[in-house]
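Structure record follows, encoded as structure tokens.
In what follows, chains carry the letters A, B, and so on, assigned in the order in which the sequence lines appear, proteins first and then strands, with residues in each chain numbered from 1. When reading the values below, keep in mind they use all heavy atoms of this one structure, side chains included, and skip hydrogens, waters and symmetry mates.
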Amino acid sequence: MSDNEQGADSSANISSVPAYRYNAKMAQGIEEKWQKTWDEKGTFWAANVKGDLTDGKGRHADGRTPYFAMDMFPYPSGKGLHVGHPLGYLATDVVSRYHRMKGENVLHAMGYDAFGLPAEQYAVQTGQHPRVTTEANIANMRRQLHRMGLSFDNRRTFATIDPGYMRWTQWIFSRIYDAWYDSDFVRPDGGKGSARHIDTLIDQFRSGKRAIPGFEDSGKSWDQLTEAEQADVLNDFRLAYISKSPVNWCPGLGTVLANEEVTAEGKSERGNFPVFQRELRQWSMRITAYGHRLIEDLDIIDWPQKVKLMQRNWIGESHGASVHFKVETPDGGQDMEIYTTRPDTLFGTTFAVVSPEHDLLQHVPAAWPENTPESWKGGYATPAEGIKAYRLAAESKTAQDRVDEAGEKTGLFTGLYATNPITGDKLPLFTADYVLMDYGTGAIMAVPGGDQRDYDFAKKFDLLVIYTVKPLPDSGDDLANYEGKAPFVSHDGIVINSSTEHTQAKGDALNLNGLRVNDAIDKVNQWLEAAGVGKGTVSYRLRDWLFSRQRYWGEPFPIVYGEDGVPHLLPDSMLPINLPDVPDYSPKTFDPMDAESNPEAPLSRNEDWVKVTLDLGDGPKTYYRDTNTMPNWAGSCWYYMRYLDPNDTEHMVDSDEYEYWMGPNHNKESGKTGGVDLYVGGVEHAVLHLLYSRFWHKILFDLGYVDTPEPFYKLFNQGMIQAYAYTDDRGQYVPAAEVEGGPADKSGEPTFTWHGQPAFREFGKMGKSLKNIITPDDMYARYGADTFRLYEMSMGPLDESRPWNDRNVVGGMRFLQRLWRNVVDENTGEVTVSDVEPDAKTLKLLNNTIAAVTEEMEHMRPNTSIAKLIVLNNHLTGLKAVPRAAVEPLILMLSPIAPHICEELWSKLGHAESLAHEPWPKADERYVGEESVTAVVQIKGKVRAKLEVSPSIEPNELKDMALKAVADRLGGKEPRKVIVKAPKIVSIVPAE
RNA sequence: GCUCCCGUGGCGGAAUUGGUAGACGCAGCUGACUUAAAAUCAGCCGCCUUUGGCUUGUGGGUUCGAGUCCCACCGGGAGUACCA
């Protein structure tokens, strides 16, 4: 290849710009040339241990350490990328290139999450089939990413919509459907509880080892049940099951949604439409079975604390007790089970509350008991009448209403009384909407002396308040500070007023007085269990994962229903189940407030597809396909494994490849946990994708398909790139590119103008409507991909958000130009480096830079790496001749960040092979460190003198020098104290 | 309300276990080169009342020494919300 091809700039001949200056145009030529070379030579092809990826071009895996660096794969939206999107991709690319140079076998690839709402909505907008628009969007995104020089193994790319991929998504669903959670089973790793094949459950039913729920007293054996009865029993155990409880119905989107997709305000995360609770038959996944393990295993992975905390909070494990209260009802009494985290406060319970949906409310008396205070009746003539009205009012409240009114308690007496099992006290039973049906048991014991909500309620209805915990004696706090004003809610306290001595309780005596709260909880739990009225339990906030959507653009379920409505799993040989053509693939949406509307799946519009004749082992019969589709999270739950073995038609992933790339011993950095070595993506997936993915992985682990319990060992959240946007004086956004900066005003604030009018700056996201979008394509045209990469990597720490500032990009460009000039004569294009030995100072700087940059790269700090490389380059610029022995390591160290220009310079320096697999420079220990250091002499912490000393100076020698240097300040007096930290600091405390 | 994170020059940001605050870049200023400009190169560049003093959101504390540790407050961001 000739230097002239990309070096000569035709415009340079007219102006005075040197012919071989590194500028945008030259960068473009260099970059496209190297991208082509990498593609042709398969430079970034990672070698597999077996299978058809072990072909000639990739280097063979042979014992090299594997390193798997992965990005959260993107939705190919129609808008294309802006400069904020690829920050994480650039980070993983820099890391991948660095590890490749460390001699590791690096797996780095990119796929596309192409099902789901964004792709479908874009298709609906443009009136084209989703497959057409999705594939066009993928092509455009692939082009933008390719132009960035990302070092992907392009043989391993795929999209979730590919039939060869979707087949395995459906296959995994089938495995989950055919599994149940055996909480008594001891796993090979020693833990208790495991997913197992549904046949093991059937065996337990058959053998009588486990009673068949619902048929305990029927005397029927498993084989005497009808097919429909069996299916119904199994449904309650399967990990993928048809839910019978209320689900989130979003009429505005025309689909049901998972809890994770509903905001705190009760709106859909996408579109912000109201969401209603409706009883609809929908697919659900039993993620609650894994609640504890999903929390527990956070300890063995290297994730940001923030994300771990968000997952812990979302799962919301709380330890408490369930306690049975007897309730006197007209029909002879009912049992009420309550859940509490503070069983130690049972003696402070003065009333009880059930949620308005609670079953107990069907057993209320016909009339109010005598002496019922008027305020408890809510103005209603009978309990039943009041409860009906109260329930209706509670149901009509949106989640937002509940949030707004939090603190303002409402409620109604039920006419019933519950008996406290410890004290024997008769407690009035209320219903109130501050008790939620879907948490705990939907019923609580109210302790106004120890809980703010119960206290508020007690004040409103004039109920008794008893304190059963007082502040610790040495806390400086006193119960008198609370009485009549507030509950004492802290766990740090001493139990009081809690003994059966003066009560009518049955069973053994119990005295909690004087105990610390946690000890009292243990003691009371033992008592409850012994008395048979309760026990310690664990409760979760996490709900099962609603898994079906009424959408066209998703994976169909591998399920058909017989004429009798019994579901049947289709055999693996029938996979994939492809999407049919339908007359109209757009979702059926409704008035966003129409809670009574019913979902209508687009797939149901193709009757020929829905109704099929199949032979499922007992002769041809008519079946009806499930017309729901899976949520887009399905495809992204397991894609990381497919990169390992993308073309396998026999397995989801080959077990030897899994072992090599992700197994428990694949890489020292991931310890024994295994998993993806580095996973980079936005924090917005903390409780969505990352929770679902862990859940699926654990099922596959339990069932033996993978041998590591966690999918992602190290997680890193990149920050967001923010941007300035500008408005005119009417508040309309104006194009940011056309705004000019003005002088600072009187208060020091900068001013801005747009075509002469005043403009106002605001700060936030990059977006089309804000008219401040800058695309990678803009950057390629103005500076080239290397400068773009350099700028994004130098902006600051990768995990922090920061503003894009167009003006600063030029700094990176200048650095690359200076590096170029250090190697190439701008006018002639000749290589100018010298083969002379570097001088002592250059050697020092070079080796210190290598040591420092290596350290920075290990910790994913490209910003400080770049700063140090600039220092080295600036030093070389000042030399008469640039030594090859100094500039070559510099080029190698810069190459992960600005790979194209470095490849070009490397080849100009006479190297025939790409530098992608060149060994990372190693610092020569003889030249690391400094000749002399500046020691600082401080008096009372203030710098009073500086001394140039040897790094190995003896502390006593340094002390003498320091005392001499500041002798005049000490006035001849002996200092009170001298602290010597050789060779950097001498700190002197003078005499008074 | 609760929990977590973050506050450093005009701007983006540096600063091992507490040890010279402001690396590197942008912007700005001076000079060289140039008819001139750009580019490039060499310098300067926290603030003030400049032999010195002050300075990492504010006020305290611990320490010989605090951007870093502790307490309180102010400001910004994120998560979460009647979860018993």
Side-chain angles (χ1 to χ4, degrees), chain A residues 15-18 21 23 263-265 304-307 309-310 312-314 316-318 320 338-342 345 353 355 399 402-403 405-409 432-436 438-447 450-454 456-457 539-542 683-684 686-687 741 744 748-750 790-791 794-797 799-812 814-815 817-818 821 826 855 861 863-871 874 877-878 933-943 945-946 975-981 984-990:
Chain A
S15 74
S16 59
V17 175
R21 166 153 299 169
N23 56 21
T263 63
E265 287 78 34
Q305 284 306 319
K306 184 183 169 179
V307 177
L309 191 72
M310 282 167 71
R312 282 198 186 95
N313 288 342
W314 186 261
E317 183 175 88
S318 81
I338 63 95
Y339 177 74
T340 177
T341 54
R342 293 292 301 275
T345 60
V353 187
S355 119
R402 286 195 165 207
V403 170
E405 294 168 12
E408 183 59 36
K409 295 288 174 287
D433 64 1
Y434 81 90
V435 175
L436 310 175
D438 61 356
Y439 185 77
T441 59
I444 63 158
M445 60 180 221
V447 185
D451 183 279
Q452 186 65 51
R453 294 153 300 176
D454 297 344
D456 295 342
F457 193 86
S539 191
Y540 294 91
R541 199 190 89 108
L542 182 70
V683 72
E684 66 272 16
V687 290
E749 292 293 311
L790 190 60
Y791 174 61
S794 66
M795 288 170 84
D799 52 359
E800 272 171 41
S801 295
R802 57 203 164 272
W804 178 271
N805 200 336
D806 245 4
R807 220 170 46 172
N808 291 0
V809 180
V810 70
R814 286 185 196 146
F815 166 45
Q817 282 178 337
R818 228 172 299 137
R821 267 199 303 275
E826 283 191 321
E855 181 71 14
R861 291 193 291 250
N863 53 328
T864 46
S865 297
I866 291 167
K868 280 157 184 151
L869 293 172
I870 291 175
V871 172
N874 287 350
T877 303
V933 295
T934 309
V936 179
V937 186
Q938 296 180 339
I939 296 176
K940 291 172 93 173
K942 298 234 183 296
V943 178
K946 292 181 182 182
R976 196 151 61 89
K977 200 171 181 183
V978 181
I979 292 136
V980 184
K981 296 276 175 192
K984 298 200 79 171
I985 297 276
V986 179
S987 189
I988 298 167
V989 189

* Distance test, side-chain N/O of A:Arg818 to OP1/OP2 of B:C41, below 4.0 Å -> yes
Taking only N/O atoms, report every protein-nucleotides 8-10 of chain B pair under 3.5 Å with atom names and distance.
none

* Which residue, A:Gly440 or A:Asn313, contacts RNA chain B at a nucleotide closer to its 5' end, judged by nearest heavy atom? -> A:Asn313
* Asked: Nearest-Å distance, CG (A:Leu790) to P (B:C26)?
  -> 11 Å
* **Side chain A:Arg802, main chain A:Pro797, donor-acceptor under 3.5 Å** => yes
* Gap between atoms CG and P, on A:Asp456 and B:G1 respectively (whole Å) -> 16 Å
* **Aromatic ring pairing A:Tyr339/A:Tyr439, orientation class (parallel under 30°, perpendicular over 60°, tilted between)** => perpendicular
* **5' precedence on RNA chain B between A:Arg541 and A:Asn808 (nearest-nucleotide basis)** => A:Asn808
* Indicate, with a heavy-atom threshold strictly under 4.0 Å, whether A:Ser794 touches base, sugar-phosphate, or nothing. => nothing
Using the 3.5 Å cut-off, write out each protein N or O paired with an N or O of nucleotides 15-23 of chain B and the distance between them.
| residue | atom | partner | partner atom | Å |
| --- | --- | --- | --- | --- |
| B:G19 | N2 | A:Gln938 | OE1 | 3.2 |
| B:U20 | O2 | A:Lys946 | NZ | 2.9 |

* To do: Return no unless some side-chain N or O of A:Asn805 is found under 4.0 Å from OP1 or OP2 of B:G25.
  => no
* Does B:G9 adopt a syn or an anti glycosidic conformation, taking syn as a chi angle within 90° of 0? -> syn
* Could you measure between the two P atoms, the one in B:G67 and the one in B:U17, and give it in whole Å? => 15 Å
* How does RNA chain B look in dot-bracket form if you count Watson-Crick and G-U pairs under 3.5 Å, write [ ] for pairs that cross, and put | where a base pairs with another strand? -> (((((((..(((......[....))).(((((.......))))).(((...)))..(((((..]....))))))))))))....
* Asked: Can you tell me if the side-chain N/O atoms of A:Tyr439 get under 4.0 Å from OP1 or OP2 in B:A84?
  -> yes
* Spacing of A:Lys977 atom NZ relative to B:C64 atom C1', expressed in whole Å -> 6 Å
* Asked: A:Phe815 CZ to B:C41 P: how many Å, rounded?
  -> 13 Å
